[in-house]
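Notes to accompany the following structure.
Treat the numbers as computed from the prediction; the structure is a model and nothing was measured. Residue numbers start at 1 and run along the sequence shown.
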Amino acid sequence: MIEMVTPEGFPSLPYLSPGALVTAPQRTLYISGQVGVDATGQAGQDIAEQARLATANVNAVLAAAGMGPGNLAKVTIYLTDEADVPAFMEAAAGALPSPPPATTLLIVKGLAGPNLLVEIEAVAVG
């Protein structure tokens, strides 16, 4: 079971979830960075499409392990442009659980390919 932990007095923001407490021994799935590409390896045209593809890829790995978005305990999101944060949040809404798992969002200089705008890695338990 995953319990989200937010200390009293922390701000209530849609992208802030300070901690995830796993309260019983569980299977653990470490999801490698999933990027915004489709099944053919074609990258999405913009951040919104890449965000939808990357979250779909995370959810596909979860499903392959018999899990779902509710099993996510930790998510790390890498974006190549700070200006893409709002569009990423809008495009990923509904594909990741609410309230969010413990989440870190980083702005990085680049990813594995020059056309990649987002990468998501995660840890799931269940």
Side-chain angles (χ1 to χ4, degrees):
M1 179 173 188
I2 304 171
E3 176 186 334
M4 302 329 263
V5 178
T6 303
E8 189 174 325
F10 266 55
S12 178
L13 301 170
Y15 52 83
L16 178 64
S17 179
L21 175 64
V22 179
T23 57
Q26 310 259 341
R27 294 182 314 139
T28 304
L29 173 65
Y30 296 90
I31 302 174
S32 298
Q34 300 298 306
V35 294
V37 299
D38 63 19
T40 69
Q42 182 70 36
Q45 295 298 312
D46 59 17
I47 186 61
E49 186 178 1
Q50 286 198 26
R52 285 190 294 275
L53 288 166
T55 54
N57 292 340
V58 167
N59 287 330
V61 175
L62 286 165
M67 296 181 179
N71 293 102
L72 290 170
K74 174 72 172 102
V75 173
T76 304
I77 302 161
Y78 303 90
L79 298 177
T80 59
D81 187 340
E82 184 177 2
D84 288 341
V85 172
F88 171 83
M89 299 300 277
E90 183 177 333
L96 297 174
S98 182
T103 303
T104 300
L105 190 148
L106 302 163
I107 307 303
V108 297
K109 184 175 180 175
L111 297 170
N115 58 340
L116 297 175
L117 305 173
V118 59
E119 185 167 342
I120 304 170
E121 65 181 18
V123 178
V125 294

Evaluation steps, side-chain contact (heavy atoms from CB on, under 4.5 Å), between V125 and R27: CA-CA 5 Å; V125 294; R27 294 182 314 139; over 6 Å; no
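Not counting sequence neighbours, T23 has no partner by the side-chain hydrogen bond (donor to acceptor under 3.5 Å, both in side chains) test. For A124, the side chain to side chain contact (heavy atoms under 4.5 Å, CB included) partners are L29, L62, M67, N71, L72, not counting sequence neighbours. Checked against side-chain hydrogen bond (donor to acceptor under 3.5 Å, both in side chains), S98 has no partners two or more places apart in sequence or in another chain.
Taking both residues in full, the closest heavy atoms of V75 and I120 are given as CG1-CG2, 3.7 Å, listed atom of the first, atom of the second, then distance. Considering every non-hydrogen atom in both A73 and A20, the closest pair reads O-CB, 3.3 Å.
For residues 41-50, the set of pairs meeting the side-chain hydrogen bond (donor to acceptor under 3.5 Å, both in side chains) definition, not counting sequence neighbours, is empty. Applying the side-chain hydrogen bond (donor to acceptor under 3.5 Å, both in side chains) test to pairs two or more places apart or on separate chains, none has a residue in residues 52-65.
Residues I107 and I47 are members of one and the same hydrophobic cluster, defined by side-chain heavy-atom contacts under 4.5 angstrom among Ile, Leu, Val, Met, Phe, Trp and Tyr. Note: the hydrophobic cluster containing V58 does not contain L111 (ILVMFWY, side chain heavy atoms under 4.5 Å, direct or indirect links).
When atom types are taken as modelled, the side chain of T103 and the backbone of P101 share a donor-acceptor pair closer than 3.5 angstrom.
Side-chain contact between V123 and I31 is absent, with no heavy-atom pair separated by less than 4.5 Å. You'll find the side chain of L53 stays beyond 4.5 Å of the side chain of V37, heavy atoms only.
For the atom pair CD1 of I77 and CD of E119, the computed distance is 11.5 Å after rounding to the nearest 0.5 Å.
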Show me, pair by pair, the donor-acceptor contacts under 3.5 angstrom made by side chains of residues 78-90, not counting sequence neighbours?
unit_1: Y78; atom_1: OH; unit_2: E121; atom_2: OE2; d: 3.1
unit_1: D81; atom_1: OD1; unit_2: A83; atom_2: N; d: 2.9

